[in-house]
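First up is the structure itself, then whatever we jot down about it.
Side chains are part of it too, since the values below use all heavy atoms of this structure and drop only hydrogens, waters and symmetry mates.
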Amino acid sequence: MLNCDFRDLINKYENFDFEAYNKNVTDEDIRRSLNKKDRNINDLLNLLSDRAETFIEEMARKSHNETIQYFGRTIQLYIPLYISNYCSNECIYCGFNHKNQIKRLQLTEDEIREQMKIISHTKMKHLLLLTGEAPGMATVDYIIKAVEIAKDYFSSISIEVYPMETEDYHRLKEAGVDGLTVYQEVYNRDVYKEVHLKGKKRDYDFRILTPERGAEAGFRMIGIGPLFGLTDTYKEAFFCALHADYLQRKYLDTEISISLPRINNAEGSYLAKYPLSDKKFVQYMSAFRLFLPRVGITVSTRENAEFRNNVLPLGVTRFSAESNTQVGGYSSDHSEETPQFEISDARTTEEIVEFVENAGYQIIYKDWELI
């Protein structure tokens, strides 16, 4: 086990000249990195570099082959359920920003059960429970009750809620939670302060250590990722991959996964200052796979159907399906609520399953059983 936390690695690269390194990468550097079996930090920087765009087809082929080697031709499906949109944070890019004049809603236990009954008909067994970041409203006890209801319908339950202390994660694990997703959003400390104006989320250090607290509590799966669009994508992709590598090395029994969310429309109309192109998305995803062959890679319904279809064979291991980012949005009662962000792939689960299976992949509905 590493005798440090991830902040030590971030500090190590505080004065690293990413711009100069990116500018000086050569074709030979990239070929050497591509032909290696075990790749190091410099190989990661090479494969993420602007110069590596000219090698994107070779990177994608190798990424496909390594994914098949470690994961086979399988795609795991999951479905998200938002149960509360109260939030005490002021994040300038988020629809749930507490300053936004939206209707706030938190589902009752009966409403939670009704939502779960509806989405259980999709046949999916992996559920992701989400809330805004307002621990005074969506308390740990409230989330535990939602988990207890979910156990009647789902075999695997993950959470994407506000960061907690290790003791609270222990309680959630005992209740039946086996996965934790927490996005750092942005690894650059200065930009982090610029986009998180108020609330507990403004505490960079507490958030950056959240995956470690979740792993120490014993969660089976930990998912991380940046929100591309807030700052320089080259650096953000590097620190995300570095973070996943660190977590894999330190917590050997924990499955680590990466997501590559890009900013979509949200209440407040925040526009990405550093947009990530489709080509760069594929390059970064391929670089992640080549540097981290055992990491899970999730592509959500933030991305449109055509793009998700195209990236399916290039390293993806998990898809969300039939997603709704409105609280209680799976029933007509709450269909007009404000979403956290806009969904781009509105296909039904059946339509996604049909495409994935026609592409030669097996859908994994269930790979875990709650005890």
Fill in: Verdict with reasoning, Y187 to F238, per ring pair (Phe, Tyr, Trp, His ring centres under 6.0 Å)
CA-CA 10 Å; Y187 286 90; F238 170 77; 9.8 Å; no

Practice prompt. Tell me whether the guanidinium CZ or amine NZ of K193 lies under 6.0 angstrom from the six-membered ring centre of Y204 and within 45° of its axis.
Written response: no

Worksheet item: Is the Lys NZ or Arg CZ of R31 less than 6.0 Å from the centre of F55's six-membered ring, within 45° of the axis?
Response: no

Would you find a donor on one side and an acceptor on the other, under 3.5 Å apart, between the side chain of [X] and the backbone of [Y]?
X: N324; Y: Y330; answer: no
X: Q115; Y: V327; answer: no
X: D178; Y: F219; answer: no
X: T210; Y: F206; answer: yes
X: Q101; Y: K99; answer: yes
X: N85; Y: F96; answer: no
X: R347; Y: E351; answer: no
X: S320; Y: T301; answer: yes
X: R213; Y: M164; answer: yes
X: S88; Y: E133; answer: yes

Practice prompt. Check the pair D29 / R32 against salt bridge (Lys or Arg N to Asp or Glu O under 4.0 Å), numbers first and verdict last.
Written response: CA-CA 5 Å; D29 291 331; R32 186 164 49 248; 2.6 Å; yes

How far apart are the closest heavy atoms of [X] and [Y], and which atoms are they?
X: M124; Y: I79; result: CE-CB, 3.5 Å
X: S300; Y: Y78; result: CB-OH, 4.1 Å
X: C87; Y: H98; result: O-CB, 2.8 Å
X: I143; Y: A138; result: CD1-O, 3.8 Å
X: M285; Y: S63; result: O-OG, 4.5 Å
X: N100; Y: C94; result: ND2-O, 3.2 Å

Fill in: Identified ring pair (Phe, Tyr, Trp, His ring centres under 6.0 Å) counterpart of F239 within the set F16, F18, Y192, Y246
F18

More than 12 heavy atoms of other groups within 6.0 Å of [X] [atom1]:
X: E57; atom1: CD; value: no
X: E58; atom1: CD; value: yes
X: R294; atom1: CZ; value: no
X: E19; atom1: CD; value: no
X: D205; atom1: CG; value: yes

Discussion item. Could you go through S259 and Y183, starting from their C-alpha distance and side-chain angles, then the distance that decides it, and tell me whether this counts as side-chain hydrogen bond (donor to acceptor under 3.5 Å, both in side chains)?
Written reply: CA-CA 9 Å; S259 294; Y183 299 137; 3.2 Å; yes

Practice prompt. Indicate yes or no: does K145 engage D141 in a salt bridge with an N to O separation below 4.0 Å.
Written response: no

Discussion item. Between K250 and E212 (salt bridge meaning N to carboxylate O under 4.0 Å), is one present in this structure?
Written reply: yes

Worksheet item: Going by atom types only, do R289 and Y70 share a side-chain donor-acceptor pair under 3.5 Å?
Response: no

Fill in: Between R302 and S344, a side-chain donor and acceptor under 3.5 Å
no

Discussion item. Between L107 and Y82, does the side chain to side chain contact (heavy atoms under 4.5 Å, CB included) criterion hold? Intermediate values first, please.
Written reply: CA-CA 9 Å; L107 300 184; Y82 285 75; over 6 Å; no

Using residues 274-282 as the side-chain source, report each donor-acceptor pair under 3.5 Å to any protein atom, sequence neighbours left out, with the distance given to one decimal.
{"from": "S277", "atom 1": "OG", "to": "K280", "atom 2": "N", "distance (Å)": "3.1"}
{"from": "D278", "atom 1": "OD1", "to": "R262", "atom 2": "NH1", "distance (Å)": "3.0"}
{"from": "D278", "atom 1": "OD1", "to": "R262", "atom 2": "NH2", "distance (Å)": "2.9"}
{"from": "K280", "atom 1": "NZ", "to": "D50", "atom 2": "OD1", "distance (Å)": "2.9"}
{"from": "K280", "atom 1": "NZ", "to": "E53", "atom 2": "OE2", "distance (Å)": "3.2"}
{"from": "K280", "atom 1": "NZ", "to": "Q283", "atom 2": "OE1", "distance (Å)": "3.2"}

Worksheet item: Which residues satisfy the side-chain contact (heavy atoms from CB on, under 4.5 Å) test with K36, sequence neighbours excluded?
Response: R39, N40, D43

Worksheet item: Who are the side-chain contact (heavy atoms from CB on, under 4.5 Å) partners of S49, not counting sequence neighbours?
Response: N22, V25, I30, R51, A52, Y234

Worksheet item: Any side-chain heavy-atom pair from F319 and T298 closer than 4.5 angstrom?
Response: no

Worksheet item: Can you find a pair of side-chain heavy atoms, one from Y162 and one from K200, that are under 4.5 Å apart?
Response: no

Worksheet item: Checking side chain to side chain contact (heavy atoms under 4.5 Å, CB included) for the pair H243/I208: CA distance, chi angles, key distance, verdict?
Response: CA-CA 9 Å; H243 199 179; I208 201 72; 4.3 Å; yes

Worksheet item: For T181 and E160, what are the C-alpha separation, side-chain angles and deciding distance, and is it a side-chain hydrogen bond (donor to acceptor under 3.5 Å, both in side chains)?
Response: CA-CA 5 Å; T181 295; E160 186 177 333; 4.8 Å; no

Worksheet item: Which is it for H196 and Y93 under the ring pair (Phe, Tyr, Trp, His ring centres under 6.0 Å) test, yes or no, and what are the steps along the way?
Response: CA-CA 9 Å; H196 301 111; Y93 52 82; 5.5 Å; yes

Practice prompt. Step by step, work out the side-chain hydrogen bond (donor to acceptor under 3.5 Å, both in side chains) result for E322 and T348.
Written response: CA-CA 5 Å; E322 212 161 325; T348 65; 5.0 Å; no

